[in-house]
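Please read the structure below before turning to the comments.
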Amino acid sequence: MALVLALVMTTACAVLLESSTRAESPAERYAGTDMVVAGQPFVPRAGELRTALERLPSVERAVPELSFPTTAVDTSGRTVEAPWDGPSLGHSWESAVLGPFALWQGRAPARDSEVVLDGALAGRLDAGVGDTIRLAGPDGLRPYEVSGVADPPRRLARQYAAFHTSREAKRLARSAQPVRAVGVLGKRTTDSAALRRQVEKAVTALYGDDAGALVVASGTGRADAEFWDVPSPAARLSSLVGTFGVLSLFVAGFVVSGTLTLAVTGRLTELGLLRAVAATKGQIRRMIAVEVLLVTVAAALFGVPGGIGVAMLLHRMLVDGEVLPPSFALSMGPVAPWATVGLAAVVAQLAAFAAARRASRVRPVEVLRESAAPAPRLGRQRVLLGVGVLAGAGGCLGAVATGRLDGGAGTTESMVLVLMIGMALLAPPICRVAGALFLAPVTWFLPRDGALAVRNLLRQNARLAATVTPLVLALSLTGTLLCVPLITSQGAQRAERERLLADHVVSSAGPGIAPGYAERAARLPGVAAASGQLSVDGELSRADAGLDDEASVVGGSLVAVQAEAVPDLLDLGVRAGSLARLGDSSVALGDSAARGLGVTVGDRVRVNWDDGGRDTYRVAAVYSRDRDFADALLPRSSAARHAADPLDDTVLVRTAPGADRNTVARELKALAADFPGAQAGDGATESQSESGAAANLFVLLLLTMINVFTAIAVVNTLSMATAGRQREFALLRLAGAQSAQVLRMLAWEAVLTCVVALLLATVVCASVLVPLSIAVTGSAVPALAGGPLAALAFGAAVAAVATVTVAGRLAMRSAAATPGGLARALS
């Protein structure tokens, strides 16, 4: 049963993973081009590039694509977001030929107040030719008349498009480099390979060493150039499924290992008798390995089809939850099932080898003693390995608590797996110690049945370990995955409260806030200072370092702000220099970035922008509150032109002394009506994108699968262990115990087993969550998802009690079903 469930879970993950790797992401707005020269984000000197490309003998036409973020608002005032976290972009009508977009209603825009929409966006807005819609520009919402509706041959599925006149598009872009790509249309007689060679040669000749900042793409590469900063649903699903596939395999290994160990332990009499008739250790091990292989093959006959069915169910749930597009199809190729069976076979053979080692060493003369009271002794190597694993995990967690190791990026979650490996290696002595510490002291307070249950658990710690280990894994893994986001969110909020001098934080519920919001907010009565925070992409280096000196480069989080407003809005814990010295040619660095570069106040640093540009700044200040914030604050006047999207992440506003804070708050909320997605408040308002919703939904689905799998496996283990205790039950019955008393004893055993598992899971979770909480929030008391964890613990106890009660009743009934049944059970 354990192998069947393991195959179901891993097959489902493998099918989804294979489907994500096979899913196609076709080009949409570049589909009509033969080749694209794309910038990430912009193409510098786009006019010169266009001229150079059109001189090539194989090029018929080169068309620049001028694009900028835009947001549409429906009649009810709600923001219309693009599907699957894609972009919503405005363009110049000149670039419509790259799709190629063809008008199927109306005409091209002739005036700056007119716009052409793609069919999907027009449908969402319920707008047709002649209707008036509202689009957000850099200075807020503006009305536009729909002059036409256009679509490419393959209708847009991952983005929305609005086309303006060339003059209006340039005004709305508000950028010195608004061209994102130059599409190349080759002549009909041109060979594609020759066209590519000519284009690459022209790009290299024009840009020289800076040509690496541009991407020359054709075929399927056009989609990568088009969506370079937007992860596809398939890529997002691939990362999630890959992670949880590994987790599923890890959990399956634990459960299968425990089940096989318990099954082999129950056969010690049989194996000892085989040894007595001259069977060698190697023969015993090979016999067990072949048996496990046959069981694996039989389990695959049920597990693989079941896993495909679960994958189909998950796929349907993700599509219905709008995490995946309806066009995302499952791939039912042979790779996923065969890979799953192979991995399951390897895991099962490793578990069988570990279980068979002790069984093959049983001495024939000790068969009865071993089978009656197994007392496994761990080998020295296993003990040393387990202690080493736990010590290594403890060192890493200590480094997290002291800030020497980042607890993010999966570090904390991976520590749970490491701790569980150490606990599995040392499971019998850990359960023995846990039983002595937690169970023995309460023996006097329990009824007679409960006291007998405690003695049974303390004497049969191998059976206790086989049941406790998967329970601890499920509880600790679930607790960690649910609590880590709460702790990190709590830490981010605490750090933000320490940094903020601003009274109001305007956050974004969409792709961002147009820069006009901060400009208009700064002019409101009663406002002392206002500035947007704009994320820009680039790398920091020492100004005197060579361009190829990678040791002096720091890739960090760069934020552009209005330099003069920073001292009134942020308290960054400045330890050198002053934020008041920020200007158009200066920068403030966080502690970690300053240490990485080896610079201090007065030194010069260079920013290598992702679009290929470079700027040099003097360090005006070094601040300490850079955690969960920016590694560098840059002047918006020079940095904004290098941003991929000129939209602010947040806007900070501070009320002037003597002004009414509530009045300013009302003015900011009224201003937000002209800027879709802006949410004014006293603190940062958390918003969740579709990618975040996808991750959360998938985490919940996979955690549910893991916990259901673990629950069924624990039920299977408890059933096996209880069914193998007929001799013990027969002795109790002959000693005068009633069936109800035996069942109550079993129920107490199940409850106490869950108590031990819960306490050990608490130790594991605390070992992981407390250091993270200390590092992130400064408190040793982590935030907990109490409700789900309590429900999980209660459900485990109920399932365990029900299982042992039913299995115990069946075991006693089979022993006493015929005359002399109890005597035969004893024999």
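What you see is a predicted model, and the numbers here were worked out from it, not measured in a lab. Numbers for residues simply follow the sequence, beginning at 1.
With contacts defined as side-chain heavy-atom distances shorter than 4.5 Å, the pair V506/Y517 qualifies. Between Q562 and V566 there is no side-chain heavy-atom pair separated by less than 4.5 Å. Residues F163 and V115 are not in side-chain contact: their nearest non-hydrogen atoms beyond the backbone lie 4.5 Å or more apart. Taking the side chain as every heavy atom from C-beta outward, V561 and L534 never approach each other to under 4.5 Å. Contact check for I133 versus V146: side-chain heavy atoms found under the 4.5 Å cut-off. The shortest side-chain heavy-atom distance between P676 and L141 falls under the 4.5 Å cut-off. With contacts defined as side-chain heavy-atom distances shorter than 4.5 Å, the pair P178/F68 does not qualify. Looking at L172 and P138, their side chains come closer than 4.5 Å, going by heavy atoms from C-beta outward.
Side chains of D615 and H642: a donor on one and an acceptor on the other come within 3.5 Å. Using modelled atom types, one finds no donor on one side chain facing an acceptor on the other under 3.5 Å when comparing T132 with E145. No side-chain donor from either of S331 and E18 sits under 3.5 Å from a side-chain acceptor of the other. Of the N and O atoms on the side chains of S508 and D649, not one donor lies less than 3.5 Å from an acceptor on the other residue. For the residue pair D584 and S637, a side-chain donor N or O sits within less than 3.5 Å of a side-chain acceptor on the partner.
To the nearest 0.5 Å, atoms OG (S638) and CH2 (W609) are separated by 6.0 Å. Remark: L206 CG to L49 CG distance equals 6.0 Å, nearest 0.5 Å. Atom CG of L330 is separated from atom CG of L16 by 6.0 Å, given to the nearest 0.5 angstrom. Atoms CG and CG, on L633 and L558 in that order, are 9.5 Å from each other to the nearest 0.5 Å. The structure places OG of S507 at 5.0 Å from CD of Q679, a figure rounded to the nearest 0.5 Å. Going from atom CG of L569 over to atom CD of E564 covers 10.0 Å, rounded to the nearest 0.5 Å.
With E65 as reference, R29 is the one residue of R222, R180, R29 to meet the salt bridge (charged side-chain N to carboxylate O under 4.0 Å, His left out) rule. The only option from D112, L135, L66 that meets the side-chain contact (heavy atoms from CB on, under 4.5 Å) definition with H164 turns out to be L135.
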- Task: Give the intermediate values and the outcome of side chain to side chain contact (heavy atoms under 4.5 Å, CB included) for residues V149 and W104.
- Result: CA-CA 6 Å; V149 179; W104 54 275; 3.3 Å; yes
- Message: Test side-chain hydrogen bond (donor to acceptor under 3.5 Å, both in side chains) on R111 and T165; report intermediate values, then the result.
- Response: CA-CA 7 Å; R111 301 188 304 272; T165 62; over 6 Å; no
- Query: Going through the distances and angles, do S88 and T71 end up as a side chain to side chain contact (heavy atoms under 4.5 Å, CB included)?
  - Reply: CA-CA 6 Å; S88 181; T71 304; 5.6 Å; no
- Task: Determine, step by step, whether L185 and V59 satisfy the side chain to side chain contact (heavy atoms under 4.5 Å, CB included) criterion, reporting the C-alpha distance in whole Å, the side-chain angles of both residues, the deciding distance to 0.1 Å, and the verdict.
- Result: CA-CA 6 Å; L185 305 177; V59 174; over 6 Å; no
- Message: For D544 and R606: C-alpha separation, side-chain torsions, deciding distance, then whether salt bridge (charged side-chain N to carboxylate O under 4.0 Å, His left out) applies.
- Response: CA-CA 8 Å; D544 55 359; R606 181 174 61 240; over 6 Å; no
- Query: Do R171 and D139 pass the side chain to side chain contact (heavy atoms under 4.5 Å, CB included) test, and can you show the C-alpha distance, the side-chain angles, and the key distance before you say yes or no?
  - Reply: CA-CA 10 Å; R171 185 191 72 81; D139 51 358; 3.6 Å; yes
Which atom pairs, one a donor and one an acceptor, fall under 3.5 Å between side chains of residues 93-100 and the rest of the protein, sequence neighbours left out?
{"from": "E94", "atom 1": "OE2", "to": "R50", "atom 2": "NH1", "distance (Å)": "3.2"}
{"from": "E94", "atom 1": "OE2", "to": "R50", "atom 2": "NH2", "distance (Å)": "3.1"}
{"from": "S95", "atom 1": "OG", "to": "S92", "atom 2": "O", "distance (Å)": "2.8"}

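For the residue pair T79 and G677, the shortest heavy atom distance occurs at OG1-N, 3.6 Å. The nearest pair of heavy atoms linking S592 to D631 is OG-OD1, 3.6 Å. Between A136 and T70 the shortest heavy-atom distance is O-OG1, 3.4 Å. The minimum heavy-atom distance between V116 and S147, with the atom names listed, is CG2-OG, 3.5 Å. Taking both residues in full, the closest heavy atoms of L121 and A72 are given as CD1-CB, 4.1 Å, listed atom of the first, atom of the second, then distance. A82 and G86 make their closest contact through CB-O, 3.3 Å (heavy atoms, listed as atom of the first residue, atom of the second, distance).
Here A38 pairs with V36, A181, A225 under the side-chain contact (heavy atoms from CB on, under 4.5 Å) rule; sequence neighbours left out. Not counting sequence neighbours, Y617 has no partner by the ring pair (Phe, Tyr, Trp, His ring centres under 6.0 Å) test.
In this structure, E28 contributes its side chain and R158 its backbone to a donor-acceptor pair below 3.5 Å. The backbone N or O of R581 sits less than 3.5 Å from a side-chain atom of S586, completing a donor-acceptor pair. Using modelled atom types, no side-chain atom of Q159 and backbone atom of L89 make a donor-acceptor pair closer than 3.5 Å. Under the 3.5 Å distance criterion, the side-chain polar atoms of D118 are left unmatched by any main-chain donor or acceptor of A150. Looking only at distances, no side-chain donor or acceptor of D126 sits under 3.5 Å from a matching main-chain atom of G123. When atom types are taken as modelled, the side chain of D626 and the backbone of D591 share a donor-acceptor pair closer than 3.5 angstrom. Judged by distance alone, with hydrogens and angles left aside, the side-chain atoms of D603 form a donor-acceptor pair with the main-chain N or O of T600 at under 3.5 Å. Within the 3.5 Å criterion, the main-chain N or O of R78 finds a donor-acceptor partner in the side chain of D74. Of the possible polar contacts, one joining the D151 side chain to the G119 backbone as a donor-acceptor pair under 3.5 Å is found.
In this structure, D191 places its CG atom where more than 12 heavy-atom neighbours from other residues, nucleotides or ligands lie under 6.0 Å away. Atom CZ of R154 has 12 or fewer heavy atoms from other residues, nucleotides or ligands within 6.0 Å.
Here R107 pairs with E114 in a salt bridge; the nearest charged N to carboxylate O distance falls below 4.0 Å. Between R523 and E519, no side-chain nitrogen of the basic residue sits less than 4.0 Å from a carboxylate oxygen of the acidic one, so the salt-bridge criterion is not met. Taking the charged nitrogens against the carboxylate oxygens, R636 and D648 do have a contact shorter than 4.0 Å, which makes a salt bridge.
Cation-pi check for R45 over Y207 is met; the charged atom lies under 6.0 angstrom from the ring centroid and within 45 degrees of its normal. Cation-pi geometry between R134 and Y144 is not satisfied (NZ or CZ under 6.0 Å from the ring centre, within 45° of the ring normal).
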